[in-house]
Amino acid sequence: MKILAILYNGFEHAEAEPRLHGTVENKLGIEGWLASLGHEFIVSSNKEGPDSDFQKHIVDAEVLITTPFHPGYLTRDLVEKAKNLKICVTAGVGSDHIDLNAAVDHKIQVLEVSGSNVVSVAEHVIMSILLLVRNFVPAHEMIERGDWHVSEIARNAFDLEGKVVGTIGAGRIGYRVLQRLGPFDCKELLYYDYAPLPAASQQAVKARRVEDIKEFVSQCDVVTVNCPLHEGTKGLVNDELLSHFKKGAWLVNTARGAICDKDAVARALKSGQLSGYAGDVWDVQPAPKDHVWRTAKNPLGGGNGMVPHYSGSTIDAQARYANGVKSILEKYFNNQPQEPQNIIVGLGKYETKAYGQR
Ligand code: NAI
């Protein structure tokens with residue numbers, strides 16, 4: 001069987017650190033195992049354009065392994081060319097880089113390693129909220145420059161205690177963010193999600209659900225985005241929605257870049273409508289050198305907490321998603337049922353309720 005994996009390059013880092021499983025060099029740790037089973041395993045990072053390894057090998061691969069960190073974008077066009085493709089496995093969480101409707105139409109299954117990196121991301125969200133609210137990045141940059149102006153930093157530094165924090169999406173990550181916010185004594189924790197939390201879970205994190213998104217954002221000092229990217233969330237945070245945010249709110253997005261309109265966010269930051277924007281997800285990845293989020297700043301020259309897409313790719317997370325990919329493949333090879341929570345698209349239909357209401 002031909003198995004194609006599109007991963008990111010680790011170069012010398014992957015050689016020095018074998019636990020970087022998600023790299024082209026370390027091949028999710030499954031190369032020897034697949035060879036012993038007699039499978040052909042092609043691994044590459046080369047994914048853009050008709051001459052790329054991705055487009056060359058997708059035409060006859062049966063299994064495609066991709067990762068959200070360096071996404072092989074499987075468009076409907078490519079799905080139609082992929083005549084042998086039966087199963088797409090996401091090494092991580094978030095399969096929006098696959099045209100899921102095309103996968104449904106062509107009876108290609110899409111699976112991900114659900115839960116594999118949700119704590120990794122939730123921790124990153126808490127860090128990002130704190131670094132924005134406390135004005136950390138400009139403070140550190142000042143120290144490296146050799147300067148020392150406490151007031152310049154303190155004028156835009158606040159406590160998280162007493163603030164209203166809300167999550168768009170209260171699934172695995174959103175819920176873990178709410179749990180981790182508990183000890184900060186925020187004024188209120190809110191969530192916006194078409195799927196209400198079970199009463200006991202909601203009570204456990206003392207969160208309140210707000211059903212209208214404009215009402216929701218207008219009450220939040222901090223908004224964190226933790227829903228998948230699908231037709232209903234693409235461009236959700238745009239000029240119009242940003243105009244309903246509290247003036248000077250902080251926005252953290254570790255979900256997907258395309259959920260936020262990049263120019264609208266940059267404008268809101270520049271005008272001070274947002275005090276800060278942080279996250280690790282970009283539309284597209286790798287982000288172009290001139291992507292406006294690399295350098296966008298608030299009127300005081302701070303408020304940017306952007307990093308490359310790595311929050312869900314810690315060393316701990318890589319072990320979990322590499323193991324998860326192996327276990328999905330094992331089940332596929334042996335015709336065993338997959339873990340239900342890992343199935344995004346089953347044979348000809350969505351199995352998850354998280355990628356939009358249908
Ligand atoms: P999940 O499936 O457990 O939860 C998603 C939640 O979002 C569900 O409760 C769903 O009802 C809700 N939702 C869907 N559409 C919505 C909408 N229009 N408005 C409000 N809520 C909506 O997924 P999980 O594990 O929490 O992951 C969420 C997303 O985070 C992933 O789909 C992925 O895009 C992103 N992610 C990012 C990572 C990173 O490294 N930055 C790593 C892992 C996930």
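Worth knowing before you read on, the calculation uses all heavy atoms, side chains too, and leaves out hydrogens, waters and symmetry mates. All ligand and atom numbering here is 1-based and tracks the order in the structure. Here, residue 1 is the first one in the sequence, and each next residue gets the next number.
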**Item:** Salt bridge flag under 4.0 Å for residues Asp221 and Lys246
**Value:**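 Salt bridge between Asp221 and Lys246, a charged N being under 4.0 Å from a carboxylate O: yes.
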**Message:** What protein heavy atom lies closest to atom 2 (O) of ligand 1? Include the residue and the distance to one decimal.
**Reply:** Ala354 CB, 3.3 Å
**Message:** With a heavy-atom distance limit of 4.0 Å, tell me whether Thr233 approaches ligand 1 through its side chain, its backbone, both, or neither.
**Reply:**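 The answer is the side chain.
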**Message:** Distance under 4.0 Å to a non-hydrogen atom of Ala195: what atoms of ligand 1 satisfy this?
**Reply:** 11 (O)
**Tyr310 near ligand 1 by a heavy-atom separation under 4.0 Å** = no
**Request:** Select one of side chain, backbone, both or neither to describe which atoms of Val281 lie under 4.0 Å from any atom of ligand 1, heavy atoms only.
**Result:**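 For Val281, only side-chain atoms sit under 4.0 Å from ligand 1.
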**Prompt:** In terms of residue, atom name and distance, what is the protein heavy atom nearest to atom 16 (C) of ligand 1?
**Reply:** Tyr194 CE2, 3.4 Å
**Item:** Electrostatic pair Lys349:Glu351 at N-O distance under 4.0 angstrom
**Value:** yes
**Request:** Verify whether one side chain among Glu15 and Asn26 offers a donor that lies under 3.5 Å from an acceptor in the other.
**Result:** no
**Asked** Is it true that Arg134 and Asp159 have a side-chain N and a carboxylate O under 4.0 angstrom from each other?
**Response** yes
**Asked** Which heavy atom of the protein is the closest neighbour of atom 37 (C) of ligand 1, given with residue, atom name and distance?
**Response**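 I find the closest protein heavy atom is Thr254 O, 3.1 Å.
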**Request:** Show which atoms of ligand 1 fall inside a sub-4.0 Å distance from at least one heavy-atom site of Tyr192.
**Result:**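 Once the distances to Tyr192 are compared, the set is 19 (N), 20 (C), 21 (N).
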**Ionic contact status for Lys206 with Glu188, cut-off 4.0 Å** = no
**Prompt:** Looking only at N/O atoms, are Ser313 and ligand 1 under 3.5 Å apart anywhere?
**Reply:**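 N/O-N/O distance below 3.5 Å does not exist for this pair.
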**Asked** Of the choices Val225, Val121, Val125, Thr67, which has the non-hydrogen atom that lies closest to atom 42 (C) of ligand 1?
**Response** Val121
**Prompt:** Can you check side-chain contact (heavy atoms from CB on, under 4.5 Å) on Val225 and Thr254, steps first, answer last?
**Reply:** CA-CA 7 Å; Val225 186; Thr254 52; over 6 Å; no
**Prompt:** Nearest heavy atom to atom 35 (C) of ligand 1: which of Pro228, Ala255, Gly115 does it belong to?
**Reply:**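 Nearest option to atom 35 (C) of ligand 1, by heavy atoms: Ala255.
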**Message:** Can you tell me if Leu229 contacts ligand 1 (heavy atom of the residue under 4.0 Å from the ligand)?
**Reply:** no
**Asked** How does Ile213 reach ligand 1, by side chain, by backbone, by both or by neither, if only non-hydrogen atoms under 4.0 Å count?
**Response** neither
**Prompt:** Relative to the ring of Tyr192, is the ring of Phe216 parallel (under 30°), tilted (30 to 60°) or perpendicular (over 60°)?
**Reply:**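 Geometry flag for Tyr192 against Phe216: tilted rings.
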**Complete:** Ranked by distance from atom 13 (N) of ligand 1, the top protein heavy atom is Cys227 CB, 3.7 Å
**Asked** At the 4.0 Å heavy-atom cut-off, does Gly92 count as touching ligand 1?
**Response** no
**Nearest candidate to atom 3 (O) of ligand 1, where distance is taken over non-hydrogen atoms, out of His124, Arg172, Arg256, Gln357** = Arg172
**Distance filter under 4.0 Å to Gly312 heavy atoms, resulting ligand 1 atoms** =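 Answer for ligand 1: 39 (C), 40 (O).
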**Item:** Atom indices of ligand 1 within 4.0 angstrom of Val118 heavy atoms, with elements
**Value:**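 Contacts of ligand 1 toward Val118, numbered from 1: 25 (O).
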**Asked** How close does the nearest protein non-hydrogen atom get to atom 43 (C) of ligand 1, and which residue and atom is it?
**Response**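 The closest heavy atom on the protein side is Asn117 OD1, 3.2 Å.
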**Message:** Using a plain distance cutoff, I'd like to know if Asp280 has any nitrogen or oxygen under 3.5 Å from a nitrogen or oxygen of ligand 1.
**Reply:** yes
**Prompt:** Closest non-hydrogen protein atom to atom 4 (O) of ligand 1, residue and atom name please, with distance?
**Reply:** Gly171 CA, 3.2 Å
**Message:** Looking at Asp239 and Arg267, is there a salt bridge between them, counting it only when a charged N and a carboxylate O are closer than 4.0 Å?
**Reply:**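 Looking at Arg267 and Asp239, the cut-off is met.
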**Request:** Might you work through the side-chain contact (heavy atoms from CB on, under 4.5 Å) test for Ile65 and Ile6, ending with a clear yes or no?
**Result:** CA-CA 6 Å; Ile65 302 170; Ile6 300 299; over 6 Å; no
**Request:** Would you give the length of the straight line joining atom OG1 of Thr67 to atom NE2 of His309, rounded to the nearest 0.5 angstrom?
**Result:**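 Going from OG1 on Thr67 over to NE2 on His309, the span is 7.0 Å.
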**Asked** Under 4.0 Å from any heavy atom of Phe69, which atoms of ligand 1 are there?
**Response**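 Ligand 1 atoms under the 4.0 Å threshold to Phe69: 40 (O).
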**Asked** Aromatic rings Trp282 and His291: how do their planes relate, parallel, tilted or perpendicular, breaks at 30° and 60°?
**Response** perpendicular
**Prompt:** Any ion pair linking Asp147 and Arg145 (charged N to carboxylate O, less than 4.0 Å)?
**Reply:**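 Asp147 and Arg145: salt-bridged.
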**Lys262 to Trp293 six-membered ring, cation-pi geometry met (6.0 Å, 45°)** =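 Judged by the rule (NZ or CZ under 6.0 Å from the ring centre, within 45° of its axis), Lys262 is not positioned above Trp293.
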**Asked** Distance under 6.0 Å and angle within 45° of the ring axis: does Arg208 meet both against Tyr191?
**Response** no
**Message:** I'd like the name of whichever of Leu236, Asn253, Val93 reaches closest to atom 31 (C) of ligand 1 through any heavy atom.
**Reply:**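 Result: the heavy atom closest to atom 31 (C) of ligand 1 is in Val93.
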**Asked** Is the closest basic N to carboxylate O distance between Lys234 and Asp96 below 4.0 Å?
**Response** no
**Top protein contact for atom 30 (O) of ligand 1, by heavy-atom distance** =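 Going by distance alone, atom 30 (O) of ligand 1 is nearest to Ile173 CD1, 3.6 Å.
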**Shortest protein contact, atom 39 (C) of ligand 1 (heavy atom only)** = His309 NE2, 3.1 Å
**His230 touching ligand 1 at heavy-atom level, < 4.0 angstrom** = yes
